[in-house]
Each structure stands twice: as C-alpha cells, then as structure tokens.
Amino acid sequence: MDLFQDLNPPQKEAVGHTEGPLLVLAGAGSGKTRVLAHRIAYLLSEARARTDQILAVTFTNKAAGEMADRVRALVGDVSAGMWMGTFHSICSRLLRIEGRRLGISPDFTIYDEQDQKLLVKQVMADLGLSPSKLAPSGVLSRISWAKSGLLTPDEYAKRALGPYEKRVATVYPLYEAALRMSNALDFDDLITIPVRLLGGHPEVLERNAARFRYILIDEYQDTNKAQYELVRLLSSTHRNICAVGDDDQSIYRWRGADVTNILNFERDFTDAKVIRLEQSYRSTKTILAASQAVIQRNKMRKAKTLWTENPVGRKIVVSGVGGEQEEGRFIADAVEQFAREESRGHGQFVVLYRTNAQSRALEEALRKSAIPYVIVGGLKFYERKEIKDIIAYLKLVSNPKDSVSLARIINVPNRGIGDVTFSRLKEFAADEGVTTGEVLDRVSEIESLKPGARRRLEVFGDIVRELRSLSESHPVAELIGLVAEKSGYLDHLKQQTTIEAMSRLENIQELVAGGYEFQERSETPTLAKFLEEVSLVMDIDLWDDHREAVSLMTLHNAKGLEFPIVFIAGVEEGLIPHHTSFEDQEELEEERRLFYVGLTRAKERVFITVALGRRGFQGWMPQVGSRFLEDIPDEFVETITPFHEERRPAPVRDHEDWGEEKIVHTGSRVRHPDWGVGTVLMSEGYGEQLRLTVRFGGNVTKRVLARYANLEILDGEI
C-alpha cells in the first residue's frame, strides 16, 4: 500500500519527517488522526522501529482504539505490541513493570473519583474536619492541582496561603499515606509517580528513554506540567518526538492543561520542524470562516489560516428565544423538521451547552417531542451503585489492602455488620499498623468484638477468601457472575421484585457481557487489567456514535467529535464566556477557544440560541448575547429573531467627573470596586435618573442608580 496516497502535501511531509522533534499544528478537521496513523504505519513498514519501540499517546481510550484500527488497516496486526493508549494507561503499564523501586506493588488498585472522595472524607474525619465546612470535593481538587503541578505534600504546605489552603495542606500528606497503605493510586499518581521514578532513578530513565525510539503525542495542547515532564524525560535519548495538536483547541486549563506547552515547543526543542495542517475537510466555507473570525481575536496562539474546498454552505443561524423552555422547543422543532424534510437520522444532531445544568430543559423538550436522545457525561455506567458495588468486591479480591473498597461493601447486601463493628475493625487495624482489608484474616484476634459480630465478620471474610481463590482459576466474566452470586447481591435484588431492582440486575448482566468483550480483545485478560480499564474509562469512551439518537453534551466533551448539524445553546454573557472568566484574560481566551471548538464540530449547519432570560436562584434573570457573537461577520450570520432588546444607548456621566459624558447600553461591561466586572442587562431612564441592572461574577445581579453606583465603564458604544 502506498502510505502517501490520498495525503495532501503538508500531511505527507509530517508522515515522512521521522528524525528529530516535530510539531504538527493541526487545525480543526485537518486530518491529524490520519497523519498519526500513517506516520506509525510508515515507521513500521520502513523498519525504522519495532512495534515495542513506538509510544503513541492519546487523550481518550476511544481515540486510541480508532488509531489502532487505522494502523491495522494500513499494515496489518504488526502493531499489536505497541505502547498505545492514554497517558494514564501507558503510565499504569510502566508502573506495573518498574514501580517496585518506589514501593509500588504491581497489583495496585486505581481509585476513581468516588473512591478518592471517600478516602478524603475518612482522612478529614480523622483530623476532625467537618465536610460541611470544608468540602471534600474541593479538597480533592486542590490536591489534584498540586499533584499535576508536581508539588509534594511538603512543597504544597510551604506554598499554602490562607486558612483554606493550610487545612488542605494537613489533609494532603495523610491522604497520600492512606493511598500507599491501601496499595492504591489515584489518577494523578499515575502520571506524577512515573515522573519521580524516571527523574530519580537514572538507570530506569536510561532503559525506558532508550526503548522508545519514536514518541507521538496527540492533543499536545492539553498536556499539563506532569505530562509535559514525562514526555520530556522519555524523549531525552532519541529526541524523535512528534507533538500533534492545535493551540486554538486548548480548553482544559481548569484541570491543569497548559497551552504554553505547545506554544513553547520550539523553545524546548530548538531544532524542531513545524508543519501546519491548514486544509480542513470537515466544515463548510461559511462555518470555517466564521470560526476563524472568532478565534483570531485571541492573542495567545500560533498563526494559522484554515481553508477548505468544501461548499460554501448555509449561514449560521442565530435565534433569539424567550427562555429555556422556548429554547428547547426551538431545537426540538428544528430536529423534527430536518429529520422529516431531509430524511436525516437523529444521530446526525448534537446539542452543545456550556454547563450541565442547561440540559434539563433541553431533555424535557426532546422527550415531549418523542425524539430519542443520549446524554454524554451524565451518570456513567460504571458509577451506578450496583456496578460500583460489584467492582468494589473485585478490587478487594485483587488487592487485599484496599480499605476503601472494603468499607463500601462490607455490609452490602446487608449482613448485620454495623458501624460499631466496623469501628472495632478499624481500631484494631490502626493498632496493628495494617489496613482494614488485611484484618479480615485476623478477626479472631479482635477481643473487642462481641461473638455475633465476630461470626458475621468471619462469614464475610470466608466469602472474600473463596472469591480470591476462584479468581485464580476463572476468567473475568465468570468471576463477575460468581461475585454477584456468592456475595448475595443477586438474591438481594431478586427478592425486591421492583422495576428498579430488575434494572440493576440487567446492569450487572451487562457488566458480565463487558467482561466477555474484554476477554476477547485483550492480550492479557487478567482481573488487574480489567479493573484498570474500568477505572480509566471516560465519558466519551462510552458514547455510541452509531446510535440513532440526538447527542447532548457539554462543549468540553465535544472536542474531537463532528456532526452534520450542531446546536449551541445559551450563547450568552455569563454562560459562554462563563461569568467566572470575566476578570482573567487567559480564561477569557480559553472561553473563546471553547466556543470555537463548538463551531468547528459542525460539518454542514450551525444553530445558535440566545435567551432573553433564564430562571435562577434570584428568579427571572435577563440575558444578553455573548460578546463572541459580535466577532462573527454579518455576512456569515442569519438572525431569524432579535436575540436581545434593541440597544438604545443612554448617556450617563462618569460618577467622579460629571463633565465627561459616556454611553452605556445593554451589553456594556462595567467594573465595580467590590463586585468586580459585570455586564449591563437592562437600562431604564436617562441621565441622572438612569438605573442599570448589572450581572457580576458569581451570578450576582444588582440594580443600581448609575450616578451613585461607582461604576467604571469598560466599553461604550460598539
């Protein structure tokens, strides 16, 4: 097969340039996945590297699977031994090989977000910190931020400012100690511990940096500090690193992503080759031109100009709606019309929004119209209670030290092991310096237990030991069924005879089916590998792109996807850009990138809705269209209804110097010394009697008399 066939000139150059650092700036829809797959195939077909000498990193398991399929289609199954997957799966594999040097056992458990939060709660309880005064989710977020920035507990404590961070600093080291005692790692550990391993053990670095002759990193703009450092270390020997990404699509700053990693690539690798993929194959000329007009307003970006040979296409439709209910009806009606008049399947539509809360009214409208839909990022399959319970049994079977999993299922289903009994178990474990899971084999030694409680614990221990023995001789799918049966979980659900219980039984059966699928596709179908996959599964990995249903998802979840028809709901000040970004220029630029990502998901049509008002904690809240809409030239937009009240400028004099006259209108941005930056939602009256309704950050709305409001007008007439 001619691997350069059907590639455009820049794509060919990117595939063929194999030696030295390479930065591929890949615009939206420019075929970056094709380039990555062809580059891997070229390296293998030209015998430049063995499969185990290639490291290919993606940001989702779904993307890794698609890339593997493409490579197989090009060169067959020779790619089977390659290191290909997400940062987390690659690092997990590395730690199971090399982790003992840092005291990490190969059978470690990966704690998901719920497990991490439970562990934080346990640590806070030991410290006497109330979850009502210090939210565990907030504590976990700060710890995650510290880890992604490679800050140890001691380093974080030294930098802690104010009482909140100082309290987090007391939780962080104990949380780390609890993880290690349970032989468990959290998501951030999977990256930061390999960085410490490679940075602190020269022989480990030398071995692994020599192994990976070629490194390919997809979505490089979304790497954080720890991921950047990992890539730098692994590429230190051969320096054949190919970073592919688009700085205009960097939208994960809130979880540690640093766009400067891609912006400074040429500083880090001074001899880097830079190739721009600017021909887009996805969107129409109109959508592409409108998107370019939006993103070019950002200052932190590398210059690139996308173009396409696709048709001009229809204008972007901006529709004003009264509120969220009317917005939902508008979208549902449009879907029905397209489906009827153009014979489109429901899978061709996606509705994007900035916050998850916006989905409620959209769902309601689609349900009333009997339109099938699926939410990406709703309650995940692996977060359902019954699935979490069965997985917790499996984790305890795999890792006897797993105290979090034990706490979850020791009395599930109810077997009479109450809080007092579990407290005695924990006290004995603390005295002995072991985990509660390890104490299950020593229940007879706990003198504080009453005879009945001891018997119940011994019965539970027998169940776990039997399942552990069965795990050695039964494949994963059968073991899942055995866990559900011998734990009493199946009987517990069958006895309830409710629709909910039947649904839970079906979910467990689906988990068994997932076990069989895992066995069929995995080279090493072990229980540990299955649990690793389950722990690292992402929202988008579970999305079925072949399902005939309208997809509903946040703008963040949409990156990397494409649809013929895209609806972007709620393009209003305070939503997109989000009100929390008003006073931070870097965050505002990320919000602009987020809107750009939404626009460039569309192949044929884009519909944007802007509400005149939405209901909130303070009742009906007036809205104004996003400032980003003003960046789109009129020639690319069709406004089918007014999306805010007519802007009638009203003169107002500056509060300090009434001799200087300024103009404020609906949509003007102002600053208050206490409330910060806000947007004018409504103006009433004139001159000294002018009253303004202004929404500030934190969704705070104030109605003020302009002459006394102490407002600084940031922009006047547009």
Side-chain angles (χ1 to χ4, degrees), residues 103 105-111 114-116 118-127 174-175 177-185 385-386 388-474 479-493 495 527-528 531:
S105 173
D107 61 348
F108 62 81
T109 297
I110 301 172
Y111 279 176
Q114 289 187 25
D115 298 330
Q116 295 168 37
L118 179 58
L119 191 60
V120 165
K121 287 181 179 178
Q122 292 176 0
V123 171
M124 288 175 57
D126 292 340
L127 291 171
L174 298 182
Y175 168 76
L179 282 171
R180 298 295 90 81
M181 177 169 278
S182 293
N183 189 27
L185 304 179
K385 181 185 183 304
E386 61 277 10
K388 286 285 294 180
D389 289 342
I390 299 299
I391 293 296
Y393 273 102
L394 292 170
K395 285 182 175 180
L396 188 60
V397 165
S398 176
N399 175 16
K401 295 182 178 181
D402 189 346
S403 59
V404 169
S405 293
L406 174 67
R408 181 181 182 91
I409 47 87
I410 194 168
N411 197 42
V412 177
N414 192 317
R415 50 178 61 91
I417 301 176
D419 292 341
V420 174
T421 300
F422 191 54
S423 294
R424 302 276 163 78
L425 194 72
K426 289 195 292 184
E427 290 168 2
F428 181 81
D431 291 340
E432 295 294 311
V434 297
T435 68
T436 49
E438 294 172 289
V439 174
L440 280 181
D441 294 329
R442 301 173 57 182
V443 171
S444 61
E445 301 176 36
I446 308 176
E447 297 179 355
S448 59
L449 288 174
K450 293 182 179 180
R454 180 178 287 109
R455 281 196 302 274
R456 287 188 287 273
L457 279 176
E458 287 174 341
V459 169
F460 176 71
D462 289 340
I463 293 172
V464 174
R465 283 185 287 273
E466 181 184 8
L467 290 171
R468 195 165 289 146
S469 175
L470 291 170
S471 71
E472 299 173 0
S473 56
H474 288 73
L479 184 62
I480 295 171
L482 289 168
V483 164
E485 176 190 343
K486 294 187 176 296
S487 66
Y489 211 100
L490 288 183
D491 286 341
H492 170 69
L493 291 176
Q495 290 168 7
L527 175 58
L531 292 173

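Heavy atoms only, all atoms of each residue included: Asn183 and Ser105 are closest at OD1-CB, 3.5 Å. For Asp107 against Ser398, the heavy-atom pair with the smallest separation is OD2-O, 4.0 Å. Arg408 and Lys385 get closest at one heavy-atom pair: NH2-O, 3.5 Å. Minimum heavy-atom separation, Leu467 to Val397: CB-CG2, 3.7 Å. Closest non-hydrogen pair, Ala392 versus Ser405, comes out as O-CB, 3.5 Å. Nearest heavy-atom pair across Val434 and Met181 is O-SD, 4.0 Å.
Listed by first then second residue, pairs satisfying side chain to side chain donor-acceptor pair (under 3.5 Å) with a partner in residues 419-433 read Glu432-Arg442, not counting sequence neighbours.
Once rounded to the nearest 0.5 Å, the distance linking CG of Leu531 with CD1 of Ile391 reads 6.0 Å. Note: Asp389 CG to Ile409 CD1 = 8.0 Å, rounded to the nearest 0.5 Å. With values rounded to the nearest 0.5 angstrom, Glu445 atom CD is found 10.5 Å from Arg454 atom CZ. To the nearest 0.5 angstrom, Leu406 atom CG is 5.5 Å from Phe460 atom CZ. With values rounded to the nearest 0.5 angstrom, Leu394 atom CG is found 11.0 Å from Asp402 atom CG. For the atom pair Ile410 CD1 and Leu440 CG, the distance stands at 6.0 Å (nearest 0.5 Å).
Remark: side-chain polar atoms of Asp115 are not paired, donor with acceptor, to backbone N or O of Val404 under 3.5 angstrom. The backbone N or O of Gly416 sits less than 3.5 Å from a side-chain atom of Asn411, completing a donor-acceptor pair. Checking side-chain atoms of Ser182 against main-chain N and O of Ala184 turns up no donor-acceptor pair under 3.5 Å. For Lys395 (side chain) and Ile110 (main-chain N/O), a donor-acceptor pair under 3.5 Å exists by modelled atom type.
A donor and an acceptor atom, one from each side chain of Ser403 and Thr436, are nowhere located under 3.5 Å apart.
In this view, Arg468 satisfies the salt bridge (Lys or Arg N to Asp or Glu O under 4.0 Å) rule with no residue, not counting sequence neighbours. Shown here are the salt bridge (Lys or Arg N to Asp or Glu O under 4.0 Å) partners of Arg415, two or more places apart in sequence or in another chain: there are none.
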**Item:** Check against side chain to side chain contact (heavy atoms under 4.5 Å, CB included), Tyr489 and Val483
**Value:** CA-CA 8 Å; Tyr489 211 100; Val483 164; over 6 Å; no
**Prompt:** Which is it for Glu485 and Asp491 under the side chain to side chain contact (heavy atoms under 4.5 Å, CB included) test, yes or no, and what are the steps along the way?
**Reply:** CA-CA 7 Å; Glu485 176 190 343; Asp491 286 341; over 6 Å; no
**Request:** Show your reasoning for whether side chain to side chain contact (heavy atoms under 4.5 Å, CB included) applies to Tyr175 and Gln116.
**Result:** CA-CA 9 Å; Tyr175 168 76; Gln116 295 168 37; 3.5 Å; yes
**Candidate pair Glu466 and Leu470, rule side chain to side chain contact (heavy atoms under 4.5 Å, CB included), full reasoning** = CA-CA 6 Å; Glu466 181 184 8; Leu470 291 170; 4.1 Å; yes
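Salt bridge annotation for Asp441-Arg465: present, with a cationic side-chain nitrogen under 4.0 angstrom from a carboxylate oxygen.
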